[in-house]
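Source: prediction; values computed, not measured. Residue numbers count from 1 along this sequence. Basis for what follows: all heavy atoms, side chains included, without hydrogens, waters or symmetry-related copies.
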Amino acid sequence: MAAPDCVFHRTLTRSRSGPNKASSSSPAVCREFLCVVDVQRYSRDQGSSIYFPQAVLNAGDDLYDITLTDGDCRLRVTLDPGLNRLVERNVLQPGSMLRNAAFAPAMTAQLPECPGASGDRDSYRLVSVEVKDGAPGDDDEEEDGVRRFDVDQDSLPWFGSSEPAGPLVPLRANRSVFLPLWNSVDYSGEVWREAPPIEEEDGDEEEEEVQRPAVTVSELRDSFLIGRRGVSRGAVQHQLIVRIINKSHLMYYGKTDRNCECPYKAVLEVCDRTGSVCVVLWNSVCVSWYRCLKPGDIISLRRYRVKQHYQAESDDIEISVNSRNPAARISVLPESSVSPEHLPPAPSYSFYSSKELLERPHGVVCDVIGLLTFSGRPQRIRSKDGRGAELLEYRWLRLEDGTSNHPIMVKLFSTSQPESHRKLYPLSVVVCTRLKVIKAADQTDASFYLTNTTYTQVYCTGLGHHSEMSYRKLRPVRHFLLWLRSQEDGQVLSRALIGGFFIYPPPPVSLETYMKDRRGELGFLRGAELQREVERLCYRERRSFCIQAAVTMVTYSRRGEEDRCLFWTVRPSSLSSSSSSSSSSPSPRFTKSSPHPSPSPSLSSSSSSLLPLSSTPRSFRPPLSSSSSFSPMSPSSAHSQLTPRPLDYRSGRRSCKRKQLLQAETPKKRHPMVTLQPEQNNKTVILFEASMEFLENTNADEEDDGDDDDDDDTSSFVTAPLLPVSPTIAVETLPMRYDHAHREEQAVAVAMGGRASATGRFDSAIEDYYTLRLRALSDGVSVDAVFLPHSSSSPCPPLLPHSNTWISILSHGAFSSNTPPPSPADLINMAAQLANQRLVCVLEACHLGGATTELVLSRAFHLTD
């Protein structure tokens with residue numbers, strides 16, 4: 001029980017009816033600061049609308065329970081659905097500071113029989129709140145009355161009678177588990193068992209020393225198809241011994257019109273010596289067993305049902321395993337306990353090298369092994385199935401195996417293995433099983449990539465996977481390990497990157513091909529429509545947009561030195577000295593300039609883009625095709641960002657004056673790419689440890705301390721009195737050079753919900769970037785986008801030669817591969833080529849959380865009459 005003088009006690013006692021107290025229906029407002037301990041997501045059920053009748057039509061399927069602390073105790077409340085957007089855009093997150101929080105009393109939705117439910121506990125919903133700007137932990141100092149919450153929050157008592165009687169469960173729906181915040185495929189919470197249940201070890205039958213099945217897969221299938229009563233109806237008691245061949249990701253089927261307490265299922269492909277069959281785990285069986293079972297395990301099944309296979313031919317079956325009616329019995333058997341004549345066959349693999357994949361057709365399912373040299377940041381896209389409301393989380397991986405110059409590119413979606421995905425560091429040995437090859441009919445063979453199937457699994461260095469799996473003895477794996485042992489740490493580190501913007505396969509280089517690829521999708525957007533679509537993005541949601549526009553300004557900048565830049569602009573008639581916000585919304589700020597001769601600015605704009613210096617070593621091959629940062633701001637933002645000043649453009653004039661700011665001297669050569677120096681007498685420490693995991697299970701996690709030489713680039717720029725002001729590029733846009741000694745910090749920084757500020761501590765692979773200001777031809781709305789005409793974005797496919805004019809650079813997304821790239825000063829000098837040119841611009845937008853949205857110009861095609 002919390003002390004009577006705690007913040008919650010002083011605030012929430014006012015919401016209870018009594019003399020001189022507000023009515024129980026009146027919100028109680030807490031003026032003091034509160035800290036968010038946890039945010040938990042779950043789906044609605046049939047009863048949820050009772051608690052939020054006003055949000056039935058305009059809210060999504062998700063509800064959020066928030067755990068708050070005042071430093072003295074904890075309180076769980078439900079976020080009013082009208083505030084869901086705060087979570088969906090990662091504004092309200094664990095560690096956030098809240099003030100002026102208004103709480104309204106609410107009855108709990110959990111039924112008494114639900115675990116953790118308590119009929120008389122305090123229950124509240126958060127109906128309004130102000131979130132302190134800035135990422136959690138950015139400012140450790142107390143200011144504006146903010147208390148420091150550096151106590152052990154898990155040890156704090158719960159407010160009033162709100163302490164749960166068991167594991168935490170959702171407050172406003174009869175669900176027994178929570179969903180992950182950013183996808184619906186992974187599991188979430190400690191209730192998902194990592195070890196097999198032990199409550200039914202002592203069954204009705206004594207365990208035999210040698211296990212023999214009482215029935216085979218073939219006998220089950222034959223009995224069911226001929227309608228034998230014992231199989232076609234009721235539960236099957238006979239023991240079935242099978243080996244798991246493939247394991248699906250978790251499938252969540254919770255709906256707002258269903259009251260299923262644990263709406264999960266997972267599919268196991270299993271086999272014995274007589275055949276294979278699908279075993280479907282249902283509901284709470286998934287919670288108890290999903291994490292415990294892996295491909296290669298031998299399991300014993302009793303008390304299951306045989307059914308006709310869902311979505312399959314009429315002559316096939318599936319085995320249904322549930323927690324009741326009947327309660328299935330599952331056990332994992334060691335191979336030594338199964339009689340040799342009944343031992344199921346081992347799983348089979350189809351490993352293909354990068355060289356072999358070049359010749360494989362579209363749709364082939366395969367397994368791959370490789371050395372991870374690029375681990376992209378997690379992002380999300382909308383599902384194309386059903387209503388398209390679900391956001392699917394994915395990331396890009398680049399694997400090398402030494403068999404060709406083309407790496408293996410993997411677009412990896414969630415596989416219900418969050419621990420494995422968190423360990424996907426560069427220089428890890430990664431095995432991905434059951435991937436499918438994706439090749440477009442009009443793309444070169446080198447543009448192929450691999451992506452998930454239902455049964456995709458990921459195994460990586462650092463978790464002991466490789467020493468347990470049977471694939472380690474296969475010839476393709478042994479061949480890869482021989483190549484791996486010939487590599488040196490320093491060579492691999494020089495090209496190892498983590499995070500940053502990335503696009504693959506590269507977009508087409510012609511407008512005709514691009515329009516053909518977009519068949520059936522949304523066409524060109526007006527500037528105002530682009531603004532609305534960008535504002536609708538959720539956290540890390542990635543979308544592509546297309547507008548017709550003209551370039552009105554080109555800026556070359558270096559990160560951290562945006563006050564000294566090169567730029568070209570079309571008649572900047574004035575640079576407004578004030579930039580009062582036209583909106584307090586955290587959405588992107590656009591500039592509206594009239595397409596007619598008289599300018600009329602009404603909104604403001606922000607965005608950015610990157611470019612490596614021409615002196616960057618040609619051996620550097622960053623995994624980027626283009627990049628930009630679109631940083632929306634509000635006047636109350638606590639982020640220390642410059643406010644852009646809107647420019648007035650007179651677009652009706654044919655001849656325009658052009659202003660150029662030239663660079664005084666060529667930037668000096670960048671400092672060396674390698675940030676970690678291997679030991680003098682052993683150049684393969686990291687890679688050797690990665691390969692050792694195939695021999696034995698080891699938890700050793702040695703780290704090499706390297707020198708961190710940060711040679712400041714002293715190149716200077718000439719500064720003009722009226723410099724165009726653009727927001728700085730988002731740190732999430734820039735790929736980081738992999739630092740093996742700080743790999744966990746880098747992985748946390750780029751992860752979903754990670755602290756972007758932490759990325760500034762590490763070396764960026766690219767620090768120079770271009771910003772193009774685009775004015776929509778349809779309505780005059782302007783927006784800034786980053787463009788990166790790097791000379792070597794990706795090892796495949798090779799960049800095509802072209803004339804290195806602005807039009808050709810924009811359409812190819814890069815400099816020509818057969819001539820030296822133009823210097824930044826030369827490129828700014830050539831920007832006059834863009835005056836009065838109509839372009840079809842392809843923009844990649846990704847919301848990075850809070851008040852930051854990334855906008856990237858990946859291609860721009862010349863629009864002719």
- [ ] Any salt bridge (charged side-chain N to carboxylate O under 4.0 Å, His left out) involving residues 276-289? Give me the pairs, sequence neighbours left out, ordered by first then second residue.
- [x] none

Task: salt bridge (Lys or Arg N to Asp or Glu O under 4.0 Å) against D65, all qualifying residues, sequence neighbours excluded - done: R76

Open item on the list: Rounded to the nearest 0.5 Å, what separates atom OG1 in T67 from atom CG in L75?
Closed with: 8.5 Å

- [ ] With rounding to the nearest 0.5 Å, note down the distance linking CG in L392 to CD1 in I381.
- [x] 6.0 Å

Task: Backbone of T456 reached by a side-chain donor or acceptor of T415 within 3.5 Å - done: no

- [ ] Could you grab the distance from atom SG of C35 to atom CG of L68, nearest 0.5 Å is fine?
- [x] 8.5 Å

Task: Atom pair CZ (R273) and CD1 (I241), whose distance is rounded to the nearest 0.5 Å - done: 12.0 Å

Task: Those residues that, when tested against R125, pass salt bridge (Lys or Arg N to Asp or Glu O under 4.0 Å) (two or more places apart) - done: D80

Task: Partners meeting ring-ring contact (aromatic ring centres under 6.0 Å, His included) with Y290 (sequence neighbours left out) - done: none

TODO: Name all residues meeting the salt bridge (Lys or Arg N to Asp or Glu O under 4.0 Å) criterion together with D367; count only those two or more places apart in sequence or in a different chain, and write none if there are none.
DONE: none

Open item on the list: Could you check whether D61 pairs with K255 (Lys NZ or Arg NE/NH1/NH2 to Asp/Glu carboxylate O, under 4.0 Å)?
Closed with: no

Open item on the list: Checking R472 now: which residues fulfil salt bridge (Lys or Arg N to Asp or Glu O under 4.0 Å) with it, not counting sequence neighbours?
Closed with: none

Task: Side-chain donor or acceptor of T216 paired with backbone N/O of E219 under 3.5 Å - done: yes

Task: ring-ring contact (aromatic ring centres under 6.0 Å, His included) involving Y459 - partner list, sequence neighbours excluded - done: H465, Y471

Open item on the list: Tell me every residue that passes side-chain hydrogen bond (donor to acceptor under 3.5 Å, both in side chains) with H342, counting only those two or more places apart in sequence or in another chain.
Closed with: S339

- [ ] Flag the pair W158 / F8 as yes when their ring centroid distance falls below 6.0 Å, and as no otherwise.
- [x] no

Open item on the list: Salt bridge or not between R212 and E341? Use side-chain N to carboxylate O under 4.0 Å.
Closed with: yes

TODO: Taking side-chain hydrogen bond (donor to acceptor under 3.5 Å, both in side chains) as the test, write out the residues that go with S416, two or more places apart.
DONE: none

Task: E419/R291 ion pair, N-O < 4.0 Å - done: yes

Open item on the list: The criterion is side-chain hydrogen bond (donor to acceptor under 3.5 Å, both in side chains); which residues satisfy it with R540, sequence neighbours excluded?
Closed with: none

TODO: Determine, stepwise, if the pair R41 / E88 fulfils salt bridge (Lys or Arg N to Asp or Glu O under 4.0 Å).
DONE: CA-CA 11 Å; R41 178 174 75 102; E88 292 167 355; over 6 Å; no

Open item on the list: I'd like to know if the side chain of D45 reaches the main chain of N174, judged simply by a donor and an acceptor atom lying under 3.5 Å from each other, with no hydrogens or angles considered.
Closed with: yes

- [ ] Check whether more than 12 heavy atoms from other residues, nucleotides or ligands sit under 6.0 Å from atom NZ of K436, and answer yes or no.
- [x] no

- [ ] Could you tell me the separation between the CZ atom of R434 and the OG atom of S350, rounded to the nearest 0.5 Å?
- [x] 8.5 Å

TODO: Let me know which of V129, L86, V77 forms a side-chain contact (heavy atoms from CB on, under 4.5 Å) with I66.
DONE: V77

TODO: Measure up the W192 and Y264 rings against each other and bin them: parallel (under 30°), tilted (30 to 60°), perpendicular (over 60°).
DONE: perpendicular

Open item on the list: Going by ring-ring contact (aromatic ring centres under 6.0 Å, His included), name the residues that satisfy it together with Y64, two or more places apart in sequence or in a different chain.
Closed with: none

Task: Side-chain touch V430/V458, heavy atoms, less than 4.5 angstrom - done: yes

- [ ] Please step through salt bridge (Lys or Arg N to Asp or Glu O under 4.0 Å) for the pair E318 and R221, ending with a clear verdict.
- [x] CA-CA 9 Å; E318 69 179 25; R221 180 177 283 109; over 6 Å; no

Open item on the list: Test salt bridge (Lys or Arg N to Asp or Glu O under 4.0 Å) on E541 and R382; report intermediate values, then the result.
Closed with: CA-CA 8 Å; E541 181 182 358; R382 296 261 168 200; 2.9 Å; yes

Open item on the list: List the residues meeting ring-ring contact (aromatic ring centres under 6.0 Å, His included) with W289, not counting sequence neighbours, and say none if there are none.
Closed with: none

Task: From C262 atom SG to Y253 atom OH, the distance as rounded to the nearest 0.5 Å - done: 7.5 Å

